[in-house]
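Counting from 1, the numbers follow the sequence of the chain as shown.
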Amino acid sequence: MSAALLSVERVSKRFGGLVANDAISLDVAEGSLTAVIGPNGAGKTTFFNIISGALPPTAGRIQLAGQDITGLSLQQVAQRGLVRTFQLVQLFGNMTVRENVEVGLHMVTRGTLGAALLRPRWMAAQERWVRDEADTLLGFVGLGAFAQTQADQLPYGRQRLLEVARALAAKPRLLLLDEPAAGLDTQESAALADIIQQVNARGTTVLLIEHDMSLVMRIATHVAVLDFGRKIAEGSPAEMRAHPDVLAAYLGGVEEAHA
């Protein structure tokens, strides 16, 4: 098994008397496609918020590529190579599809206020690269024909794909996807699954939360299961299908519904 790119050590989060995450540990191997599953209220999104820097943990430690990122901000974590999408689509609705991706690309380009005012030759070349790279990413997720469309005019399923493209623009080493298939129909979900697998095959480690068990069982290489804020099991998708605690907590009727 590959070395851990992300190592979460006994992370907890308390909101007053509510324990949302209780001493959760998880190693995400470099190159893996890991899914975190569990019923509503299991603490999955809180767990993602802590890992990505959106929330500080109450206790525990998080390491990315051997560096301690515990308590760093969302932006600081992203600068270190961990980028996420959110459960609710968060696009710049009044900007074009291409401009949304260009925002992500500017995280990996150089530029200063002085350069913006003086516009040296290298900056013009960089702007051409940003535009070309944005169009490449849009083509990759199937949105090439919509580059000039205002983002909030896209159908919901394509907005999901745009959010993935924007996250990829930041060149993440680890990509966190929070329920990427939520609200998608069967065809859209299948297309998204193919894109996620291609992202992973190109070298990006993927960690996702997902309720669509058919998608999880199809693409994940490793699965961790949360229930009531605790990790109750982890292993291969096949192992999780048969795990009695997982079946009792979550998969009982869902697996049959997607069989």
Compare every heavy atom of L226 with every heavy atom of F47, then report the nearest pair and how far apart it is.
CB-CD1, 4.4 Å

For R80 against I69, the heavy-atom pair lying closest together:
CD-CG2, 3.9 Å

With a cut-off of under 6.0 Å to the ring centre and 45° to the axis, is K44 in cation-pi contact with F48?
no

Shortest non-hydrogen contact from L208 to P180?
CD1-CG, 4.2 Å

Where do P39 and D227 come nearest, in terms of heavy atoms and distance?
CG-OD1, 3.4 Å

Can you tell me which residue pairs pass the salt bridge (charged side-chain N to carboxylate O under 4.0 Å, His left out) test with a partner in residues 185-205, sequence neighbours excluded?
D194-R218

Only one of V216, V199, T205, T221 clears side chain to side chain contact (heavy atoms under 4.5 Å, CB included) with L33; which?
T221

Test side chain to side chain contact (heavy atoms under 4.5 Å, CB included), reference I51, set V28, I24, L6, output is L6

Which residues pass the side-chain contact (heavy atoms from CB on, under 4.5 Å) test with S7, sequence neighbours left out?
E9, D27, Q63

Taking atom types as modelled, is there a side-chain donor on S52 or R84 under 3.5 Å from an acceptor on the other?
yes

Would you name the heavy atoms of A151 and L162 that are closest together and state the gap between them?
CB-CD2, 4.0 Å

S73 meets the side-chain hydrogen bond (donor to acceptor under 3.5 Å, both in side chains) criterion, sequence neighbours left out, with Q76

